[in-house]
Chemist: 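The structure's right below; bear with me while I get my questions together.
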Amino acid sequence: MMYLLMGKLFIAIGIVLVLPGYFLLSLIINKKEQEPALVEKMVLSVGLSIFVVDFLLISLHLLKIPITQLSVSATILLFAVLCEALSYWSSRRLATTALADSDRVVHTLLGFTKQQWSAFAVLFLLAVLLRTVFVVQGSIPQTTDLGHHMYWAKLMATTGSLPDYGMPDFIIGEHIIFGAVGVISQIDFISAMPVAILLVIHLVSLLAMFLLSYRIASLAVSEKSAGYVGLLSVATYGVFYAISSPQAKFVSGGVIGNIMGNFLMPLAAYCLLTGLQLVWRSKSDWSTLTARFFFFLFFIFSATLAYTHHLTTFVFLFSMATFIIGFIIVDLLFNRFDLRTTVPSMVNIFKELFSKWNLLFIAAVAVLALFFYPPSYLNPSAIDTAVGTPVKETRTGISLSSLALTAGPWRFFYSLVAVMVMAAYMAQRFFSKKITAKWDAEDVGGRYTRLAGIIFIVGWFGIILLMSNQPSLLKVDIPTARIANYISLPASILSAIAIYYLWNAVSAYVSRMAAGLFMVALVGTGFVSGLTDVSDSARQDVDANATRQTYQASRYINEIAGADEMILKDHNYVAADAWIKLFLMRGYRNPLSRSLLKRYNDPTKDRETCTLEMIVEPDGDFGRQCYQETQVRYVMLKPGYDTAQFERSENFSKILAAPDIVIYKRTNE
Amino acid sequence: MTEKRFILFIYAIIILAVGWVFIVAQGMIDGKGTKGYTMVSFSSGSSKASADSLMVAVSNQTDITQHYGIEYEIDGIIVATTQTDVSSRSTVTVNPPDELMEALDRLPVQSAMVRITFVAGKQKEQLHKVITTE
């Protein structure tokens, strides 16, 4: 039975997360010469699959076709067949274009030796092991975020249509993939399915980060460095600090938006930078075509991100704005404010970036977002909440030392080293006219690619640092800790670049053995710092027994509670309480929840206190009034935690008792 | 290792990792091999006139071959005891014993607290319920 379920899960994941993207990619590329590297193909296929499945299910919803096992499977398979047919048809029509060796270097991962692939495999295996061992321990569905998200995914599967959230906290892209896998596999949402999907996306995001590191290094440092930096990034991002947020902890905790955002954001950036590199480095038709293809993918992944996670989209917008503004300013500086040089080069980029097909795609997404299916956060109130001068203590910024701990101290230190080296490099080029001239002469487009790589990665790191440390300067009114988590992405790439810089510099002056020892020392300290995270973050035993009791109690309450009877539960102490609503499916806010106690004391706005008072003082005047108003009939608590008043009360009967959960029924109306 | 072999390796690793997580999680959800627990509950009504029954629910567990003793007490005095065998089923329904109903009939007050204690090995769980006499 278990193996049958697992087989169904793998088939459904294949249909949803691999198949549509793979065939769409075949259609878009469609020329043998443009065949991406296999790693690239694998990662792009998963990213495109998320886009396609989102688009197909939104289309089904808008066409009022019920979302069922048959409709979802048939639509995806039909899409794949259509892509393959079009691909076959167009490959017969179009002549292939010759590929220059210089282009091949840009587009593929040539240059990797067998030893490098083996090193990659070992590092990836280590990264996967660290995560999986952690995730396995808490794999029983019990975390709050995942419970909330799976309610909506299950609602999609049970009603056959996309949910209407009525609140800006959730976005459809967070749930469609889970809903689609659930509908196709028919596996219960209260299972290992959600964590399994998240783990797959997270593991593929490690490869996306590898690709982005590779691309940034080939731009900012040199093409020779790209392979080494890419490999080092598998260690700095994949192995070091593998458990802490936003990595394995977020997988285990079901923080869907971040996990998907941390996959789509690097992927979008990778496509943008690859496109730019192709525009600047090569003048062939093939390279222009391929650049447009990557720019098209950039817009696809950006749109998918916008429909998946608001916070990552917010950070991505800031990062892109920093890159564009920073690039224009630095280019002007290097051109000594000669607009005749800067403007045409910018126009050239924008012409390729906003080509006919890309503009059409942007217009289509805008129409969808404005008129047919807007992301839930696109409303004045939600935007007003996120933008403005922060007042709450949790939003006014964290110190640099806290930020260093969030990024990982080793990673943060070497990121700063890389930033300093890059700043010195830029200053040296800027102040030496001779060197700048040489720079331009020795490599066509070399200056632009170098500038773009450095400004992108430094800007990405800098803007997240500023948003986390001084959010008021940017009018960012979002919990700082949540933004700070993103620093680990650019910090991983920067620290990999720093290690390469240092190793390269030392190798020039000492023997090969001494340089090797130096490298071992550098990376070794990373292992020491990065793996202490594993022991520090070791999960405390997840109480699967308590979780199962909550499941059992939820099934029971679903049997006995009438349709108009509300339930109240305690989020503070009851295990897996967010999953109770998946057993009931009576609305997102049934059961009502006594939330974390500190949340009732909010200096910025009045909070309702009924859910608090109904538990603290159920027989008090206010408590009784709340029971009348909310129609709460049942209260679910953990024994010994605020249960004494219910034990004493003559208005409540204990109707269920278990070691970790009790249910009281209000008997006197 | 070549790129093609590397990709196959990646696929294999991801499949193994997901399979591992899935098997462990499903095991945890089903509760196999873990210590069981009991839950007990009234299944209906609040008045003795509605002839309350009790439901004993037992989770999937490996050691359910046992009898649950049920003690009924009113205001601290045990008025009846019964035995319930839950070894072969996940739930059983128990009707209140006649002694309890008779004891309730004898009550001189309008309402009373009935306390039912389930005893299984060392484990004791209590339910209470307000019974209103007619």
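Remember, predicted model here, so these are calculated numbers, not experimental data. All heavy atoms count here, side chains included; hydrogens, waters and symmetry mates do not. All chains are named by letter (A, B, ...) in the order of the sequence lines, taking the proteins before the strands, and each is independently numbered beginning at 1.
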Chemist: Donor-acceptor check, side chain of Q26(B) to backbone of S191(A), threshold 3.5 angstrom: yes or no?
Modeler: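 No.
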Chemist: What heavy-atom pair brings M28(B) and S139(A) nearest, and what distance separates the two atoms?
Modeler: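 Where M28(B) meets S139(A) most closely, the heavy atoms are SD-OG, 4.3 Å.
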Chemist: Who are the side-chain contact (heavy atoms from CB on, under 4.5 Å) partners of E565(A), not counting sequence neighbours?
Modeler: A561(A), R633(A), Y634(A)
Chemist: Please check: side-chain N/O of E3(B) versus main-chain N/O of W117(A), any donor-acceptor pairing under 3.5 Å?
Modeler: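 Answer holds: no.
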Chemist: Tell me, side chain or backbone of V136(A) under 4.5 Å from chain B's heavy atoms, or both, or neither?
Modeler: both
Chemist: Of all the heavy-atom pairs spanning A192(A) and I29(B), show the shortest one and how long it is.
Modeler: N-CD1, 4.1 Å
Chemist: Checking heavy atoms, do the side chain of Y3(A), its backbone, both or neither come under 4.5 Å from chain B?
Modeler: side chain
Chemist: Which class fits the ring pair F6(B) and F124(A): parallel under 30°, tilted 30 to 60°, perpendicular over 60°?
Modeler: perpendicular
Chemist: Side chain, backbone, both or neither: which part of I23(B) has a heavy atom under 4.5 Å from chain A?
Modeler: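 Contact with chain A: backbone and side chain both.
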Chemist: Minimum heavy-atom separation for M42(A) to I10(B), with atom names?
Modeler: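 Heavy atoms only, the tightest pair is CE-CG2, 3.4 Å.
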Chemist: Would you mind checking which part of I197(A) comes under 4.5 Å of any heavy atom in chain B, side chain (CB onward), backbone (N, CA, C, O), both or neither?
Modeler: neither
Chemist: Who pairs with F9(B) by ring pair (Phe, Tyr, Trp, His ring centres under 6.0 Å), at least two apart in sequence or on another chain?
Modeler: none
Chemist: Please name all residues satisfying salt bridge (Lys or Arg N to Asp or Glu O under 4.0 Å) with K638(A), sequence neighbours left out, ordered by chain then number.
Modeler: D660(A)
Chemist: For F22(B), is it the side chain, the backbone, both or neither that has a heavy atom under 4.5 Å from a heavy atom of chain A?
Modeler: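 Answer is both: backbone and side chain atoms of F22(B) are under 4.5 Å from chain A.
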Chemist: Is chain B contacted by the side chain of I140(A), its backbone, both, or neither, given a heavy-atom distance below 4.5 Å?
Modeler: both
Chemist: Listed by residue number, which members of residues 6-17 of chain A have a heavy atom under 4.5 Å from any heavy atom of chain B?
Modeler: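 Within residues 6-17 of chain A, near chain B: M6(A), L9(A), F10(A).
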